[in-house]
Each structure stands twice: as structure tokens, then as C-alpha cells.
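Just so you know, ligand 1 is whichever comes first in the structure, and atom 1 is the first atom listed for that ligand.
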Amino acid sequence: MTKFFTQSFFSNDIGIDLGTTNTLVYVRGKGVIRNEPTVVAVNVKTNQLVAVGHEAKKMLGKTPPHIRTVQPLSHGVISDFEITQELLEYVIHKAQEERTRMFGPRVVIGVPTGVTNVESRAVRDAAVAAGAREVHIVEEPIAGAVGSKLPIHEAFGTMVLDIGGGTCDIAVLSLNGSVASKSSHIAGDRFNENIIDYIRSEFRLLVGERTAEEIKIGVGSALPLPEPLERAVRGRDLATGLPREIIITDTHVRESLSVSLDGLLDALKEVIEQTPPELLSDILERGVVVFGGGALLRGLPELLEKMLGVPVRISPDPLTAVARGTGIITETPELFKEIFLHEEEILSQT
Ligand SMILES: Nc1ncnc2c1ncn2[C@@H]1O[C@H](COP(=O)(O)OP(=O)(O)OP(=O)(O)O)[C@@H](O)[C@H]1O
Ligand SMILES: [Mg+2]
């Protein structure tokens, strides 16, 4: 009975996926309650937050001088500490709004693997400042493995590939630890840059990053498609400076991504080469599990499977795997001690 009361009335535990591109918040019993771009708009005169998430992303490139839009995480590292702290405090307060504030929440935060100790401490301090009574920091690919319900506690080789916006993480996990891993910047943002560069050199047309992302999601693929896809794209003609429209097909996008996809394959092969032979048989049996937004690129699992000769499957709902994993960890953090970046528990002053 006591357990029931503590869990249903007072527990307001929060899991956060602090991604380079998207920040997701998971509350136990409710699921993912927030899924927004990791973008913040700040008034530089008053130092106050003006907008967060979708609202702030809409302002990118359109603000008056006293408002600054910031993407506080870039290329998988925290490039703006203070703003990251403000963002975390904001999302933790929001997540608690409808809940009792009698006890501070337990918060589990997934961070990109590239973050330094100093950065992860800053993340932890921000959560404490926002009222958390207990904070745990975990690397995104491990949280994603938990969210994908993979047996990371077992003496069994589990291979994951997390293709986010800023970073791509590959890891072979066994007994709560990473046996082999590699992190690179071949991820969603790089794919967008590849598309921009390709259109510039092949069509002499300049397109923006948002357009490139729409092209990638709309007609992008890693393998030829049964039904070709195409879309009209508008940009600035490099010679005349005037607007022009072209048609982009899935073949164009595939060509533009080919170098990155080769790089991704090489990185996967490298991790497989580092993996002890005993664990390789587990990987051959269960395969590689892919999550992060990049997992949604058409034909990617098929391409990887063909080139690596191991089964490849996409985690169900790959964009929320990390957030769901952080949520699962809040339920029984004692089972995940070994994977936390800081093992000590942080107790608030009260
Ligand atoms: N259908 C799709 N096809 C291809 N790419 C997609 C698709 N949907 C989303 N993406 C890409 O996924 C990326 C965002 O993924 P995700 O939210 O997992 O990143 P993140 O966790 O914020 O970043 P990181 O893990 O690097 O910190 C973006 O680059 C986006 O363009
Ligand atoms: Mg991520």
C-alpha cells in the first residue's frame, strides 16, 4: 500500500533525452509528454527565455537584434552551457506542472556520448537547480538500448546504432558495459550538408538546411526504391542570384549521401572488428538494432544488412527510444548503476 501511494501520488520521475536536434521528456505513466527541437530563443537585454522548442525554431534566422536563437548542443557537444541549463530547468518545471511538488523528481538524462565530465556535471547541476532530488546521467545509445528493451544486463553481445542529428554512436554492449564503441559525426546534420553540397555542385543552386532536411525525409533513400520519388525544390541560382526551381529525385539524394553511408559502414565494420569473437556470434544471431531519427532513412536497414551480413532491425519508434529508455531507468535506477556517468546520488538540500 505504501509503495502504491508513493508511486502513484508522489512519484513525478522524469526521463529526458537531451539530443542535439530534439529534446524529449518522458513522465512515468504518461509517456513522452514533450518532443521539441533543442532550440532556445533568449532576450539578450534581459537574459530571459523568450521561446523554447518549436516556437524558438520558427524564429531561427528571423529575429531582431535583441533576440538570439541558440542551438545549445551542436555536433554532439554542449556548446552553450548556460542555455542548456536554462533549457533543462524549463523542461523539468514544465513536466512537473500538473504534479505534486511535495518531493522533487528523480531525473534521468540521456546525453550525447561526446560530452565531457565537466559538461555532464553541468547537466546534473542544472537538474538539481530545477529541483530534482536525484539525478542520473546516461549516454544516449545505452538509454536507447534500454528503451528498445535490449538485454544489456546479460552476458550477451548487443549491438546498437544510434543515428541522431549531430552524432552517430555505435556500441556493442554486454553486462552493463560497452565492449566496443565508436562515435562519429556522420549523422542527420551531415546528411543535410551532403544534400546542400550536391545541389550546389550539380545544379548550381543554393538551398537552405531546412530544405535539405525536407528533401532527405521526403525523397531520401539508402537503396534504390521500387517506386522512384521526386520533389520540386526551390533555391537561389548561384549564377543569376535569382530564385529557381529544380526536380530532385531519390537517385540524386542517394548519390549525395553515398560518401556518408560508406563512412557509416566503415565505422560499423571497425566496431565489429574490435568486438571479441564470443560476442560476435550473439550479434550474428540477434543483429544490430538501429534507433535515432536517421534510422528512418528509407532502405537503411536493408543496405546495412546487405553490406555487413548481419541482421539489422529498427527499434520500434526510433525517435523516442532514448527518451523511453531514460523513463524505464527512473523506475529502477539501482539496476543501472554501472551505466551512469556519475554514480553518486545527488540529494537536494531539503
Ligand atoms: N524520416 C527520416 N528520414 C531520415 N532522417 C530523419 C527522418 N526523420 C528524422 N530524421 C533525422 O533525424 C535527426 C534527428 O534525430 P534524433 O532526434 O534522434 O537526434 P538527436 O537525439 O537530437 O541528436 P543526437 O543523438 O545527435 O544528440 C535529424 O537529423 C532528422 O533530420
Ligand atoms: Mg539522440
Margin query: Check this for me: Glu334, atom CD, are more than 12 non-hydrogen atoms of other residues, nucleotides or ligands nearer than 6.0 Å?
Written below: yes
Next item on the list: Examine Gly165 against ligand 1 and note whether any of their N/O atoms are separated by less than 3.5 Å.
Entry: yes
Checklist line | side-chain contact (heavy atoms from CB on, under 4.5 Å) between Ser79 and Leu73, worked out | finding: CA-CA 5 Å; Ser79 45; Leu73 280 80; 5.7 Å; no
Next item on the list: Tell me which one of Leu319, Asn35, Asp169, Leu297 gets a heavy atom nearest to atom 4 (C) of ligand 1.
Entry: Leu297
Checklist line | Ligand-side contact atoms (ligand 1) for residue partner Gly188, heavy atom cut-off under 4.0 Å | finding: 29 (O)
Notebook entry, point to check: In Glu140, which N, O or S atom comes closest to the Mg ion (ligand 2)?
Noted result: OE1
Margin query: Give me the nearest non-hydrogen protein atom to atom 17 (O) of ligand 1 as residue plus atom name, then the distance to 0.1 Å.
Written below: Asn22 ND2, 2.8 Å
Next item on the list: Work out which heavy atom in Lys57 is nearest to a heavy atom in Glu213; give both atom names and the distance.
Entry: NZ-OE1, 4.1 Å
Notebook entry, point to check: Considering all heavy atoms of both residues, which atom of Thr20 and which atom of Pro112 are nearest to each other, and what is their separation?
Noted result: OG1-CG, 4.3 Å
Margin query: Tell me whether Gly166 has any N or O atom under 3.5 angstrom from an N or O of ligand 1.
Written below: yes
Item checked: Polar proximity ligand 1 side, Thr21 side, N/O cut 3.5 Å exclusive -> yes
Notebook entry, point to check: Is Lys216 touching ligand 1 with its side chain, its backbone, both, or neither, if touching means heavy atoms under 4.0 Å apart?
Noted result: side chain
Notebook entry, point to check: In the protein, what heavy atom is nearest to atom 15 (O) of ligand 1, and what distance, to one decimal place, separates them?
Noted result: Gly293 N, 3.2 Å
Note to self: Tell me whether the Mg ion (ligand 2) has Asp17 as a neighbour, meaning an N, O or S atom of it below 2.8 Å.
What the structure shows: no
Margin query: Need the ligand 1 atom indices (1-based, order shown) with element for anything under 4.0 Å from a heavy-atom of Gly19.
Written below: 20 (P), 21 (O), 22 (O), 27 (O)
Checklist line | Closest to atom 27 (O) of ligand 1 among Val115, Asp162, Thr20, Leu73 (heavy-atom distance) | finding: Thr20
Checklist line | Geometric class of the His153/Phe336 ring pair [parallel <30°, tilted 30-60°, perpendicular >60°] | finding: tilted
Next item on the list: Using a strict cut-off of 4.0 Å, indicate which atoms of ligand 1 neighbour a heavy atom of Gly292.
Entry: 18 (O)
Notebook entry, point to check: Does any non-hydrogen side-chain atom of Asn192 lie less than 4.5 Å from one of Lys216?
Noted result: yes
Check: Does Gly294 come within less than 4.0 angstrom of ligand 1, counting non-hydrogen atoms of the residue?
Finding: yes
Next item on the list: Could you check atom 2 (C) of ligand 1 against the protein and tell me its nearest heavy-atom contact, residue, atom and distance included?
Entry: Leu296 CB, 3.5 Å
Next item on the list: For atom 31 (O) of ligand 1, find the nearest protein heavy atom and state the residue, atom name and distance (0.1 Å precision).
Entry: Glu213 OE2, 2.2 Å
Check: Is the shortest distance from a Lys or Arg side-chain nitrogen in Asp266 or Lys182 to a carboxylate oxygen in the other one below 4.0 Å?
Finding: no
Checklist line | Evaluation steps, side-chain contact (heavy atoms from CB on, under 4.5 Å), between Ile16 and Ile92 | finding: CA-CA 9 Å; Ile16 300 173; Ile92 292 171; 3.7 Å; yes
Check: What heavy-atom pair brings Phe156 and Pro151 nearest, and what distance separates the two atoms?
Finding: CD2-CG, 4.4 Å
Notebook entry, point to check: Between Asp250 and Arg254, is there a side-chain N and carboxylate O pair less than 4.0 Å apart?
Noted result: yes
Margin query: Please tell me whether Leu229 and Leu296 are part of a single hydrophobic cluster in this structure, the criterion being side-chain heavy atoms less than 4.5 Å apart.
Written below: no
Margin query: Only heavy atoms of Thr167, strictly under 4.0 Å: list the atoms of ligand 1 that pass.
Written below: 24 (P), 26 (O)
Checklist line | Closest protein heavy atom to atom 25 (O) of ligand 1, given as residue, atom name and distance to 0.1 Å | finding: Glu140 OE1, 3.0 Å
